[in-house]
Amino acid sequence: MNEPALRIRDLAKTFTLHNQGGAELPVLRAVNLDVAPGECVALDGPSGMGKSTLLKCIHANYRATAGSLIVRDGDTATDLTTATPRELIALRRDTVGYVSQFLRAIPRVPALDIVAEPLLDGVDATPEVLADARREAEALLLRLRIPVRLWSVAPATFSGGEQQRVNIAKGLIRKRPLLLLDEPTASLDADNRVTVMAMINEAREAGAAIVGIFHDQRVRETVATRVIDMREFI
Amino acid sequence: MNARTEFATAVIREEGYNFAYLDERTKRMIRRAILKAIAIPGYQVPFGSREMPLPYGWGTGGIQVTAAIIGAGDTLKVIDQGADDTVNAVNIRRFFQRTTGVATTERTTEATLIQTRHRIPETPLAEGQVIVYQVPIPEPLAHLEPREAETKMMHGLAEYGLMHVKLYEDIARHGHIADTYDYPVMIDGRFLMSPSPIPKFDNPKMHRNPALQLFGAGREKRIYAVPPYTTVESLAFEDHPFEVQKWEHACALCGSRESFLDEVITDDKGGRMFICSDTDYCGQRRDGAAP
Amino acid sequence: MTLLDQPILEVEGVTKRYGDRIAIDDIRFDLWPGEVLAVVGESGSGKTTLLNCVSARLKPDAGRVHFRTRHEGVVDIYDLSEASRRLLARTDWGYVHQNPADGLRMDVSAGANVGERLMALGERHYGRIRREALSWMTRVEMQEDRIDDSPATFSGGMRQRLQIARNLVTQPRLVFMDEPTSGLDVSVQARLLDLLRTLTRQLHLASIIVTHDLAVARLLAHRMIVMKGGRIVEEGLTDQVLDDPQHPYTQLLVSSVLQP
């Protein structure tokens with residue numbers, strides 16, 4: 001149980017801009033970080049220090065330039081920097097959850113289905129499975145105060161706060177051992193912020209390892225068990 | 001001997017033409033094509049179709065097949081839409097009388113060789129007889145798939161789903177399969193074949209027929225065959241089975257309820273009657289001689 | 001090991017030349033069941049040649065394309081007889097053309113278009129064919145009462161949906177798509193994309209989609225291949241390639257469009 005859910009060693013990320021004379025932008029130089037199950041690590045530091053870049057590397061959205069990123073799920077440990085695309089897809093489905101700042105809405109897909117989708121990924125969507133997934137999605141949307149009349153509407157027209165809550169519900173509906181949160185409360189009102197903080201704590205108490213960016217100091221103090229200053233990694 | 005055969009036998013063979021008009025080499029070439037066609041029932045064999053002294057569409061394919069196989073001992077019958085005395089039939093019969101001098105007949109049972117346009121005689125054919133069909137368009141898929149390379153491939157691989165697409169389309173539009181003639185058939189479970197524009201009424205007669213059936217398409221330069229006793233199946237759907245035409249009337253002349261009837265307008269006041277299309281069959285029945 | 005644990009398509013070293021010009025060079029990739037792979041690149045980069053070579057429409061000069069059949073294990077599609085290859089192409093595979101008129105029979109009804117593959121496989125019951133056609137028309141969001149209409153009377157979006165239904169009626173496991181949305185106006189595109197996305201997921205379809213539209217790739221594809229000059233210059237998860245492009249050409253491609 002003491003094995004970290006995430007072990008980062010000497011992670012570096014440099015962007016090479018080939019179309020701007022091959023300019024090199026080193027963003028992360030040597031990140032070393034372990035995150036244990038039940039821990040919530042807040043990444044702190046001024047903007048431009050690579051907080052989001054680090055989260056995106058852990059989600060394998062950005063490809064690491066050097067180093068290793070080992071994610072553990074039960075007895076299986078996978079290095080994200082060498083995993084095949086297929087393994088990465090499975091990891092994202094089962095192991096690493098990610099709540100981005102903005103919802104990438106899909107035309108015509110209703111909010112309820114967007115939220116339920118992670119539960120249907122990779123399983124045989126029988127009517128029972130589908131009904132169960134929808135029920136869970138409804139419970140989450142209810143808790144996040146999304147009006148029922150919006151459930152069957154595609155979220156492209158939702159307000160920023162509504163979109164973000166749909167995004168949070170989508171990111172948290174499937175219980176994954178590692179959660180990445182990029183400013184999950186940025187555009188939420190006070191009530192919803194409290195709800196989201198409670199949900200994050202519940203996930204952590206249930207054993208998830210969490211890495212997040214929380215600009216709001218009150219949120220950070222409520223959910224984080226450890227704060228890492230990004231300046232350490234320069 | 002009745003008046004009709006009297007008229008027919010009045011012509012004698014003219015000198016100056018080779019027997020049956022075509023030269024011997026051409027006839028051998030056509031015979032080879034026929035043999036191949038018999039060996040692969042339903043398969044369209046290409047042949048070097050010749051210019052004939054009548055236009056395409058008048059039976060140039062059938063005439064070349066007949067010319068290639070007719071012998072001095074044959075008795076020839078020629079029908080057009082079932083009748084022996086229509087223009088096309090009369091002309092082709094005279095053509096072979098003049099170029100071969102063979103005996104001709106209107107009686108199905110007496111003929112050894114029958115050339116036909118658009119009908120199969122009502123009187124059942126027997127072993128030893130040969131029937132030659134005139135074919136305008138030998139390719140049953142021609143209207144569905146314009147690329148000939150593709151239709152050849154489809155025959156080669158027995159991919160005939162497209163033919164059912166056509167039948168599906170008929171049922172969807174008309175509630176039933178609308179083809180009433182040139183109704184597609186499968187030969188020996190292998191090749192899709194056009195039976196030539198005979199009414200579908202005649203299709204069942206092709207099935208396991210004791211006679212040799214040969215098909216000639218002059219313009220399209222194809223010969224194909226159905227050897228005696230070969231399976232000939234008319235395409236259909238399980239829930240829309242193949243059916244032949246039926247009439248409420250009997251033949252106004254001979255009273256037959258089994259034969260294919262033509263509707264004939266008798267005056268310009270809307271008077272009409274239904275009579276057998278097969279003139280020999282009808283005449284035999286009226287003479288009390290046969291069926 | 002189940003079928004899902006093995007690639008459905010393995011492409012090894014596929015090369016095609018037109019005279020001296022190399023159209024595609026040493027292409028290799030695997031495709032897994034249920035996986036959607038986007039092939040992007042500018043015109044002339046070899047996308048369509050690649051699609052034709054792996055879908056048995058164009059024999060490559062070198063290389064192998066292995067397909068895992070339902071019942072007979074792995075086959076090299078170019079070792080198959082013409083008959084088996086054509087059978088495969090109308091049962092286990094689908095091919096969606098950019099221009100629906102190339103993939104439809106424009107002179108027969110919508111129902112006959114959907115039913116053709118069933119009839120080609122020997123279905124001889126009109127009622128069943130029609131029921132199946134109706135069910136597929138509904139799945140691609142077409143009105144049932146258009147079943148007897150000719151696709152010539154349909155809009156571009158409807159034609160494309162009909163083409164998709166016509167391909168999916170035999171429940172293929174692998175569908176090739178050549179710019180399936182590019183001939184359509186934007187509102188119609190969105191609907192079609194959503195439909196494709198839903199169907200590929202529901203039916204667990206493996207698919208190769210050639211597109212020059214990065215947004216299409218983002219929405220539909222798990223993985224992406226970027227082609228330039230007949231070669232694969234970059235590949236990876238779709239969001240990796242779009243959000244963190246490594247190759248100069250990919251960076252140019254991504255920076256050239258507005259919010260892919």
Side-chain angles (χ1 to χ4, degrees), chain A residues 13-25 27-28 52-53 55-57 59-65 80-93 96 98 100 102 104-110 113-114 116-127 129-130 154 156, chain C residues 4-7 29-38 141 181 186-198 201-204 206 215-216 218-225 233-256 259-260:
Chain A
K13 176 62 185 171
T14 301
F15 291 95
T16 307
L17 307 179
H18 292 284
N19 299 303
Q20 292 174 37
E24 304 245 315
L25 285 181
V27 178
L28 302 173
S52 282
T53 300
L55 277 193
K56 286 178 177 173
C57 283
H59 192 234
N61 178 224
Y62 286 176
R63 288 177 271 202
T65 312
L80 297 179
T81 59
T82 54
T84 63
R86 203 171 131 71
E87 288 169 328
L88 291 177
I89 289 169
L91 272 173
R92 286 181 181 180
R93 186 185 64 213
V96 186
Y98 179 59
S100 58
F102 303 104
R104 192 179 281 279
I106 301 155
R108 298 207 312 154
V109 181
D113 287 346
I114 287 182
E117 199 169 275
L119 291 179
L120 303 172
D121 202 0
V123 299
D124 202 8
T126 60
V129 171
L130 195 64
Chain C
L4 294 181
D5 297 326
Q6 295 165 318
F29 63 86
D30 291 345
L31 186 71
W32 298 76
E35 189 178 41
V36 179
L37 174 71
E141 302 172 15
T181 60
V186 180
S187 61
V188 179
Q189 266 191 21
R191 181 175 183 187
L192 190 73
L193 281 172
D194 172 44
L195 182 71
L196 283 173
R197 187 175 164 279
T198 309
R201 282 169 192 230
Q202 277 176 357
L203 305 171
H204 208 61
V216 169
R218 165 89 78 181
L219 199 59
L220 293 180
H222 300 101
R223 251 192 326 136
M224 244 173 101
I225 281 177
V233 295
E234 184 162 358
E235 59 187 308
L237 292 178
T238 304
D239 62 280
Q240 276 180 346
V241 174
L242 293 177
D243 296 340
D244 185 17
Q246 309 284 312
H247 189 274
Y249 174 69
T250 317
Q251 291 188 354
L252 182 67
L253 199 67
V254 170
S255 64
S256 307
Q259 294 183 336

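Heavy atoms only: backbone and side chains are in, while hydrogens, waters and symmetry mates are out. Reminder, nothing fancy here: chain letters follow the sequence lines and each chain counts from 1. Given the structure is predicted, the values throughout are model-derived calculations rather than measurements.
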Can you sort out the partners of A:Lys56 under salt bridge (charged side-chain N to carboxylate O under 4.0 Å, His left out), two or more places apart, ordered by chain and number? none

Got a second to check how far [X]'s [atom1] is from [Y]'s [atom2], nearest 0.5 Å?
X	Y	atom1	atom2	result
A:Leu88	C:Asp239	CG	CG	9.0 Å
A:Ile89	C:Thr238	CD1	OG1	7.5 Å
A:Arg108	C:Arg197	CZ	CZ	11.0 Å
C:His247	A:His18	NE2	NE2	7.5 Å

Is the shortest distance from a Lys or Arg side-chain nitrogen in A:Lys13 or C:Asp244 to a carboxylate oxygen in the other one below 4.0 Å? yes

Under 4.5 Å, counting heavy-atom pairs only, tell me which of C:Leu193, C:Thr198, C:Leu237, C:Asp30 racks up the most with chain A. C:Leu237

Side chain to side chain donor-acceptor pair (under 3.5 Å) partners for C:Thr250, two or more places apart: C:Glu234

Which atoms of [X] are under 4.5 Å from chain A, going by heavy atoms: the side chain, the backbone, both sets, or neither?
X	value
C:Gln202	neither
C:Arg201	side chain
C:Leu219	side chain

Which answer fits A:Gln20, side chain, backbone, both or neither, if we ask what part of it has an atom under 4.5 Å from a heavy atom of chain C? neither

Quick check: do C:Val241 and A:Arg63 have side-chain heavy atoms less than 4.5 Å from each other? yes

Any donor and acceptor pair, going by atom type alone, linking the side chain of C:Gln251 with main-chain N or O of A:Thr16 inside 3.5 Å? yes

